[in-house]
Amino acid sequence: MAFRPQRRLLNPVYDDGVSKPRVRTASGTGNLPNPRTISNVIHSSKGVPTILDHKISLHVFQWGQFLDHDIISTPVSTGVNGEELSCCETNPVNVNTDMCTPIYVPNGDGFFADGTCMNVPRSAPALDVNCNTPSGPRQQLNKITSYIDGSNVYGSSAAELIKLRNPNSPEYMAVTDGNNLPPNNDTSACTLTVQGERCSIAGDSRVNVVPSLGSYHTLFVQEHNRIVNLLKGLGWTDPEELFQEARKINIAQIQHITYNEFLSWLLTRTVLQQNNLIITGSRTTYFTGYDPTINSDITNDFGIAYRIGHSWIPAQMKLHTDFPETSDINDPDVKNIEDTYLNPHMLYMRGKTGAPRMLKWLTETNCPRTDRLLEDGARNKLFLKNGVSFDLAALNINRGRDHGIPPYWKYRTDLCGETLADPSSWTSLTWHDNITIALLKSVYQSPMDIDLWTGVMTESGTAVVGPTLTCIFLAQFRALRNGDRYWFERPEPEGFSLAKLAGIKQTSLAAVLCANVYDASFVIPQNSFVTGDPKNVFLPCSQIPKLDLSPWNKLGRRNLNTGKDEFENKLVHLLLEILKEGDAVDVKE
Ligand code: HEM
Ligand SMILES: [Ca+2]
């Protein structure tokens, strides 16, 4: 259900105990550093060329954001008619601190002019059922469903979904201009460049933020329609049944890819294994970890910490260009990211083939390294329009304080079980290297003041992300699987039969890309996230294991696809299952 309050891993720390943003230092003397100052000192990539991670592709970046948009969207305060608030008062003491938390840029910034103020409304407070302010500390909302349920594709409510389905053939999701997303009639939802371009609608309202995100939304709408066609070929006819089953399969794929590929890289398979979060290769067992008492709601703390993905934002967006094609010199295939925010133009370029070209570019390009640095296009030029822009790092730090998120060290002790002899000593920062500690020291009065986002962005360790972030992630991703009644590895009717489940477990991001954007002969890394690993083989799309829908066959004795006898098919299927089972690496839950 959408519009539920976010849960918390730790109790909030507000300035007045209940609502005012955290502003004071741990020692009680003076205020915390300005978020823009922290951003300049810790998160600036000025003068540092982007360091790419040669092991991973930009699908890590794009899956990361797409997943974020399935599980969390925090609404902000608005005026009575939903209009944007103006939070930047000339005199900061006049700021309405219930609804506003503007960032006043300190003078001599180097990028923003003296006197610049970033207009930042506070996240809206959750009200009780009578729309009154509840007693106790201020809580924030999630306006989408926390479950990984493809709400970014299908919407978070029946009312949203109806606008996204094809009204004439309701088994399909609506598409426009061939394969683009349906138009948003509100043309202010994005900036349009050329006649004929449209802002899009999708299951999540942030679809227009960057074109690569739009290309992912397109991919999963297309994938829905492709599954519908496959089911039709297997004898499915009822439009509603077709829609619901295709949706269920599409969501199952998203869940599978998230845990089996994305999280397997981010947290490592070993950590997933230790925490019972591995999707087993088993073809004979269901997932039995479902616990109806677990609340899967997104946690506020996770919503701040998962912004680690802002480190993966690339400096530029690009379209794949086929050899010997050349780019249009007046409208090149590569653009700085600040020229692509809330602008779908790239998706409309080259005869509206932008979406598949962008997806191909994501496959063939390395992702920026997971570190504390943000590209200039995100840290100085976020949402640049008419000379006004934002700093995404400063926004993250500021948002954490708006939500009363406790400082970083509290998560180490109170959530992750570390014992710190003296959290006020800089030597307590065991997960930080010396250079980073020196930088933190130059801006924060005490290690007990370090904001959660900055703390986890600067942590190092042996894995991709540091131990505290791993601990926060595990708490969330455990809840998202173990508390989901509709988790795809559960038996029917919520989940699937074992045969169907085995068919779903064949899928991967590569398989979805092969089915929708590449030719059968295209050679793709089998795991399209972790492209630079020698163990990861490259295969032509025709040989990439793919979603196997044969267990969905509703046809009588003859399968129209193969012309084979159904009984014969079943026998072959059973034999294959037995053979596969023999070599499957099976971890019993
Ligand atoms: C070009 C790409 C991206 C842009 C422009 C972008 C921009 C933003 C902005 C403007 C916010 C709200 C900031 C605030 O006022 O608090 C935000 C929130 C967030 N971002 Fe990103 N982001 C991008 C990519 C990513 C990626 C790759 C991830 C994760 C892998 C991510 C995770 C999040 C999360 C978890 C939130 C909090 C969402 C909420 O609570 O509503 N973002 N992002
Ligand atoms: Ca969701």
Side-chain angles (χ1 to χ4, degrees), residues 70 145 147-175 179 181-182 202-203 217-260 279 283 286-287 290 481 484-509 511-512 514-516 545-562 566 569-570 573 577:
D70 189 334
T145 60
Y147 292 114
I148 303 174
D149 59 358
S151 53
N152 45 354
V153 181
Y154 301 101
S156 284
S157 67
E160 281 172 8
L161 176 57
I162 199 79
K163 294 186 204 142
L164 299 167
R165 283 173 75 168
N166 180 330
N168 304 319
S169 310
E171 65 274 29
Y172 293 112
M173 294 294 281
V175 288
N179 279 322
L181 296 169
H217 278 276
T218 314
L219 179 66
F220 281 93
V221 164
Q222 275 179 355
E223 177 65 0
H224 173 97
N225 291 347
R226 190 185 74 91
I227 297 170
V228 169
N229 288 337
L230 290 174
L231 291 174
K232 282 187 174 178
L234 296 170
W236 290 62
T237 50
D238 180 73
E240 189 58 25
E241 254 185 36
L242 271 165
F243 174 81
Q244 297 300 349
E245 196 64 19
R247 169 184 173 159
K248 189 174 173 186
I249 296 167
N250 209 10
I251 295 169
Q253 293 200 92
I254 295 174
Q255 293 186 339
H256 185 253
I257 295 169
T258 297
Y259 282 67
N260 198 48
I279 309 278
R283 289 168 181 84
Y286 291 110
F287 167 63
Y290 171 63
R481 187 191 194 204
D484 185 351
R485 187 152 69 91
Y486 294 98
W487 185 257
F488 82 104
E489 297 168 273
R490 300 200 62 226
E492 286 177 317
E494 292 91 346
F496 298 95
S497 69
L498 284 173
K500 288 177 178 170
L501 182 55
I504 285 167
K505 285 184 184 176
Q506 299 288 311
T507 199
S508 60
L509 178 61
V512 176
C514 283
N516 292 284
K546 57 174 186 286
L547 182 66
D548 172 12
L549 292 187
S550 55
W552 275 261
N553 195 351
K554 272 195 181 186
L555 296 171
R557 284 181 57 78
R558 294 225 149 248
N559 179 327
L560 293 182
N561 282 341
T562 61
E566 201 200 348
N569 263 346
K570 276 204 174 132
H573 196 75
E577 288 310 311

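Side-chain atoms are counted along with the backbone in the values below, which use heavy atoms only and exclude waters and symmetry mates. Sequential numbering from 1 along the given sequence is applied to the chain's residues.
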**Asked** If you take all heavy atoms of Ala502 and Arg283, which pair is closest and at what distance?
**Response** CB-CG, 3.9 Å
**Request:** Find out whether Leu219 and Val512 are in side-chain contact, i.e. whether some heavy atom of one side chain is under 4.5 Å from a heavy atom of the other.
**Result:** yes
**Message:** Any side-chain to backbone donor/acceptor pair from Asn250 onto Glu223? Under 3.5 Å, distance only.
**Reply:** no
**Item:** Straight-line distance of Asn553 CG to Leu231 CG, nearest 0.5 Å
**Value:** 10.5 Å
**Message:** Main chain of Ala202, side chain of Asn152: is a donor-acceptor contact present, judged purely on distance under 3.5 Å?
**Reply:** no
**Complete:** Here the pair of heavy atoms bringing Ala252 nearest to Phe488 is CB-CB, 3.5 Å
**Asked** With distance as the sole test, does Thr145 use its side chain to make a donor-acceptor pair with the main-chain N or O of Ser156 at under 3.5 Å?
**Response** no
**Request:** Determine, step by step, whether Leu498 and Tyr286 satisfy the side-chain contact (heavy atoms from CB on, under 4.5 Å) criterion, reporting the C-alpha distance in whole Å, the side-chain angles of both residues, the deciding distance to 0.1 Å, and the verdict.
**Result:** CA-CA 7 Å; Leu498 284 173; Tyr286 291 110; 3.7 Å; yes
**Asked** Is Lys554 salt-bridged to Glu245, cutoff N-O under 4.0 Å?
**Response** no
**NZ/NE/NH1/NH2 to OD/OE distance under 4.0 Å, Lys248 and Glu492** = no
**Item:** Any residue meeting ring-ring contact (aromatic ring centres under 6.0 Å, His included) with Tyr172, in chain and number order, not counting sequence neighbours
**Value:** none
**Asked** What are the two closest heavy atoms between Leu242 and Val228, and how far apart are they?
**Response** CD2-O, 3.8 Å
**Message:** Please report the interatomic distance CD1(Ile504) to CD(Gln506), rounded to the nearest 0.5 Å.
**Reply:** 10.5 Å
**Prompt:** Roughly how far apart are Ser169 OG and Phe243 CZ, rounded to 0.5 Å?
**Reply:** 13.0 Å
**Message:** Which heavy atom of Leu509 sits nearest to which heavy atom of Ile257, and what is that distance?
**Reply:** N-CD1, 3.6 Å
**Given Thr507, Ile251, Leu547, the one that forms side chain to side chain contact (heavy atoms under 4.5 Å, CB included) with His256** = Thr507
**Item:** Distance, nearest 0.5 Å, that separates CD1 of Ile279 from CG of Leu501
**Value:** 9.0 Å
**Message:** Rounded to the nearest 0.5 Å, what separates atom CG in Leu549 from atom CG in Leu234?
**Reply:** 6.5 Å
**From Leu181 atom CG to Phe220 atom CZ, the distance as rounded to the nearest 0.5 Å** = 13.0 Å
**Asked** Which residues satisfy the ring-ring contact (aromatic ring centres under 6.0 Å, His included) test with His217, sequence neighbours excluded?
**Response** Phe66
**Request:** Report the C-alpha distance between Tyr147 and Tyr486 in whole Å, list the side-chain angles of each, state the deciding distance to 0.1 Å, and finish with yes or no for side-chain contact (heavy atoms from CB on, under 4.5 Å).
**Result:** CA-CA 9 Å; Tyr147 292 114; Tyr486 294 98; over 6 Å; no
**Chi angles and distances behind the side-chain contact (heavy atoms from CB on, under 4.5 Å) call for Arg481, Glu489** = CA-CA 10 Å; Arg481 187 191 194 204; Glu489 297 168 273; 2.7 Å; yes
**Item:** Gly495 backbone acceptor or donor facing Arg490 side chain under 3.5 Å
**Value:** no
**Item:** Side-chain donor/acceptor of Ser151 to backbone N/O of Asp70, under 3.5 Å
**Value:** yes
**Asked** Between the main-chain N or O of Val175 and the side-chain N or O of Asn166, is there a donor-acceptor pair closer than 3.5 Å?
**Response** no
**Request:** For Ala511 and Pro545, work out which heavy atoms get closest and say how close.
**Result:** CB-O, 3.5 Å
**Prompt:** Distance-only, no hydrogens or angles: does the His224 side chain make a donor-acceptor pair with backbone N or O of Glu171 under 3.5 Å?
**Reply:** yes
**Message:** To check you understand the geometry: which heavy-atom pair defines the closest contact between Gly150 and Ile254, and what is its length?
**Reply:** CA-CD1, 4.3 Å
**Prompt:** Step by step, would you call Val153 with Val221 a side-chain contact (heavy atoms from CB on, under 4.5 Å)?
**Reply:** CA-CA 7 Å; Val153 181; Val221 164; 4.2 Å; yes
**Asked** Taking Gln255 for the side chain and Trp487 for the main chain, is one N or O donor matched with an acceptor at less than 3.5 Å?
**Response** no
